[in-house]
Amino acid sequence: MNQTSLSALIWSVADLLRGDYKQSEYGRVILPFTVLRRLDCVLASTKPAVLAEFEAKTKTGLNPDPFLLRKAKQSFYNTSPLDLPKLLGDQDHIRQNLYSYIQGFSPEARDIFERFDFHAQVERLAKADLLYLVTEKFANFDLHPDAVDNAQMGLVFEELIRKFAELSNETAGEHFTPREVIRLMVNLIFIEDDDVLASGNAVVRTIYDPTAGTGGMLSVAAEHLLQHNPAARLTLFGQELNDESYAICKADMLIRGQDVSNIIAGNTLSEDGHGGRKFDYMLSNPPFGVEWKKVEKTIRSEHEQKGFDGRFGPGLPRVSDGSMLFLLHLIAKMRPAVDGGSRFGIVLNGSPLFTGSAGSGESEIRRYVLENDLVEAIIGLPTDMFYNTGIATYVWILSNKKPDDRKGTVQLIDGSSFWQKMRKSLGSKRKEMSDEHIATVTRLFGDFAEAELANVFDANGKEVGRQVIAAAEFALEPPEGGKLKVAPLARIFKNEDFGYTTITVERPLRDEAGNIVLGQKGKLKGKPQPDSSLRDTENVPLGEDIQAYFEREVLPHAPDAWIDEAKSKVGYEIPFNRHFYVFEPPRDLHAIDEELKAVSARIMAMLGELAE
């Protein structure tokens, strides 16, 4: 049975729940029971040996844990003689026996059911007289590794998570990043690493997600690597704040045969669950625009006391949006370049590109990543791509092992037009990227070249074709009466192109007679006093001479002005949309006028027909 049929079969349990549970609650029963049945089947062959070992070691007073793990040949075990089929033999006591069976699991596995709040679901099912029926359904599913291997089971579980996320789409964004966005990010972080993707090369690598959600980014990355190079081994690490998401993520890792102790519960920003660890690859989709007031004290203390030895040395963003803190957290987790370096992808909204003036926390963070040559590319995604927001989003790719041709530069790719309409909207998600769209963006990144997008329109203004062309190439001719629109698609900039110096321009204070007022003491003694009401600032591009700019742009309009050099600050911003804006001249007024006349005449004619 393929994974789609198997996940549909498992989800059919929802037929029993209908009426007693809301649609959005089905996952709370189906997901933990699926995990339970899978663990049941995985442990079946070694269960007698584990029970015998448990009895023997308990008698001798030894800690049985390491021995039981060895006997189970897994990263978990169960010391209860029960399993799901045996539970069916005692219908009257199924609730108590199910609790006893869950208690028999090793702590890491038991934690999953506690985080799922499985106890509450069992009570609810028992109250509705559904517990036996649901248990019976799951006991009849064959999820044994001989029938469903780890990779396939992972895909089945992922399909179930997706269904659960879609049915509860008011909170889906907290649980779930759209799969096509993850596939794009995974493509981008692996594309330059031939040694990892080359089939047969038995490399071992680590990947980390500090906002793991249900583990989608980690599992898609593992599948991608396995597909290209079955000999490669990717160890997955993550941390998640939401209990339900954490339980799903941990269960997914267990199902895939990963070490679940690598998945930590808690707030990544205030309590780093992987302190001191560095990773080869990282992926993250942190919450957009979420304030960090709850953990402000801890973060400010780390910033002030540890500086660059901590995670937040470069600066702190405003309290109303903590997404850039995750960017800094990931930078702190990069493996040093001398040890092979790291690459990571993070999804951010538009504000980290430009919020904050020179000297602000946001600007200082941008300054740090650009002056240290960490940003490889920023890709603009279509709007309406995520379940809980329709805003514009961007994928940042950062690396401390840039290839020589990328050094000192940033590639911007405008992928906002690469989408197709979904057959059915899910929350705010109305658009999706096709495999072809993902392949195009991946190729643009991999080729590291400038490109343009040519859209061909027919005489009626309908789009009849599009093609990606290299910046120097010539696009196709439009059909007769139609037109061609060419817009930049991928552009390459030097890091310093995003930098500027904010200079403070002062003008003298004058008395009622119009004479310049001179300072009487201190540093300003004998010098013109500045008039704060005339004070102004100018942003001078980093590559430009400040004095030359001042003489050209300011002095012709204010000959008495001067620069207060003590107040000069360097800032960085990435005005993404400005670099892809194409000016379209307004239509000829005469043509518009003629069209209006024609439309008016048509309306009058129709009104005349109605009057007859």
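Bear in mind the structure is a predicted one, so any value in this text is a computation, not a measurement.
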[Y]/[X] salt bridge by N-O under 4.0 Å criterion:
X: Lys250; Y: Glu240; value: no
X: Asp497; Y: Lys494; value: no
X: Asp193; Y: Arg205; value: no
X: Arg343; Y: Glu192; value: yes
X: Asp339; Y: Lys278; value: no
X: Glu362; Y: Arg318; value: yes
X: Lys163; Y: Glu158; value: no
X: Asp280; Y: Arg335; value: yes

If you look at every heavy atom in Leu444 and Gln411, which pair is closest and at what distance? O-NE2, 3.0 Å

Here the pair of heavy atoms bringing Asp252 nearest to Thr214 is OD2-O, 4.1 Å

Answer yes or no: is there a donor N or O on one side and an acceptor on the other, between the side chain of [X] and the main chain of [Y], under 3.5 Å?
X: Arg366; Y: Thr355; answer: yes
X: Arg37; Y: Val35; answer: no
X: Asp321; Y: Gly289; answer: yes
X: His274; Y: Gly238; answer: yes
X: Asp259; Y: Ser261; answer: yes
X: Glu371; Y: Tyr368; answer: no
X: Asn267; Y: Glu271; answer: no
X: Ser416; Y: Gly380; answer: no
X: Arg466; Y: Leu453; answer: no
X: Glu450; Y: Ile492; answer: yes

How long is the gap from [atom1] on [X] to [atom2] on [Y], to the nearest 0.5 Å?
X: Tyr572; Y: Ile574; atom1: OH; atom2: CD1; answer: 10.5 Å
X: Ile255; Y: Ile248; atom1: CD1; atom2: CD1; answer: 11.0 Å
X: Ile112; Y: Leu254; atom1: CD1; atom2: CG; answer: 4.5 Å
X: Leu184; Y: Met385; atom1: CG; atom2: CE; answer: 8.0 Å

Relative to each other, are the rings of Phe279 and Tyr208 parallel, tilted or perpendicular (30° and 60° limits)?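 The rings of Phe279 and Tyr208 lie parallel, inter-plane angle below 30°.
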
Tell me whether the rings of Phe493 and Phe498 are parallel (<30°), tilted (30 to 60°) or perpendicular (>60°).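 Phe493 and Phe498: tilted rings.
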
Check whether the side chains of [X] and [Y] place a donor and an acceptor atom closer than 3.5 Å, and report yes or no.
X: Asp209; Y: Thr211; value: yes
X: Ser12; Y: Asp15; value: no
X: Lys431; Y: Thr383; value: yes
X: Asn201; Y: Asn229; value: no
X: His437; Y: Thr440; value: no

How far apart are the C-alpha atoms of Asn242 and Arg115, what are their side-chain angles, what is the distance that settles it, and do they pass the side chain to side chain donor-acceptor pair (under 3.5 Å) test? CA-CA 9 Å; Asn242 178 289; Arg115 302 271 179 176; over 6 Å; no

Side chains of [X] and [Y]: does their closest heavy-atom pair fall under 4.5 Å?
X: Met153; Y: Gln3; answer: no
X: Ile346; Y: Val395; answer: no
X: Glu376; Y: Ser399; answer: yes
X: Phe141; Y: Thr34; answer: no
X: Asn187; Y: His224; answer: yes
X: Phe580; Y: Leu412; answer: yes
X: Leu143; Y: Val156; answer: no
X: Glu364; Y: Leu316; answer: no

May I ask you to check whether Phe190 and Tyr281 place their ring centres under 6.0 Å from each other?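 Yes; Phe190 has its ring centre under 6.0 Å from that of Tyr281.
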
So Arg183 and Glu180, salt bridge (Lys or Arg N to Asp or Glu O under 4.0 Å) or not? Walk me through it. CA-CA 5 Å; Arg183 285 207 311 277; Glu180 72 271 26; 5.8 Å; no

Any residue meeting ring-ring contact (aromatic ring centres under 6.0 Å, His included) with Tyr394, in chain and number order, not counting sequence neighbours: Phe576

Who passes ring-ring contact (aromatic ring centres under 6.0 Å, His included) against Phe33, sequence neighbours left out?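 So Phe33 forms a ring-ring contact (aromatic ring centres under 6.0 Å, His included) with Phe118, Phe138.
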
Between Glu159 and Arg179, is a salt bridge (Lys or Arg N to Asp or Glu O under 4.0 Å) present by the stated rule, with each step listed? CA-CA 11 Å; Glu159 182 76 7; Arg179 281 307 177 257; over 6 Å; no

NZ or CZ of Arg406 within 45° of Phe445 ring axis and under 6.0 Å: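 Yes, a cation-pi geometry.
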
Ring-face cation of Lys429 near Phe386 (centre distance under 6.0 Å, axis angle within 45°):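 Here Lys429 fails the 6.0 Å and 45° test against Phe386.
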
Please step through side chain to side chain contact (heavy atoms under 4.5 Å, CB included) for the pair Leu353 and Leu348, ending with a clear verdict. CA-CA 9 Å; Leu353 292 167; Leu348 298 170; over 6 Å; no

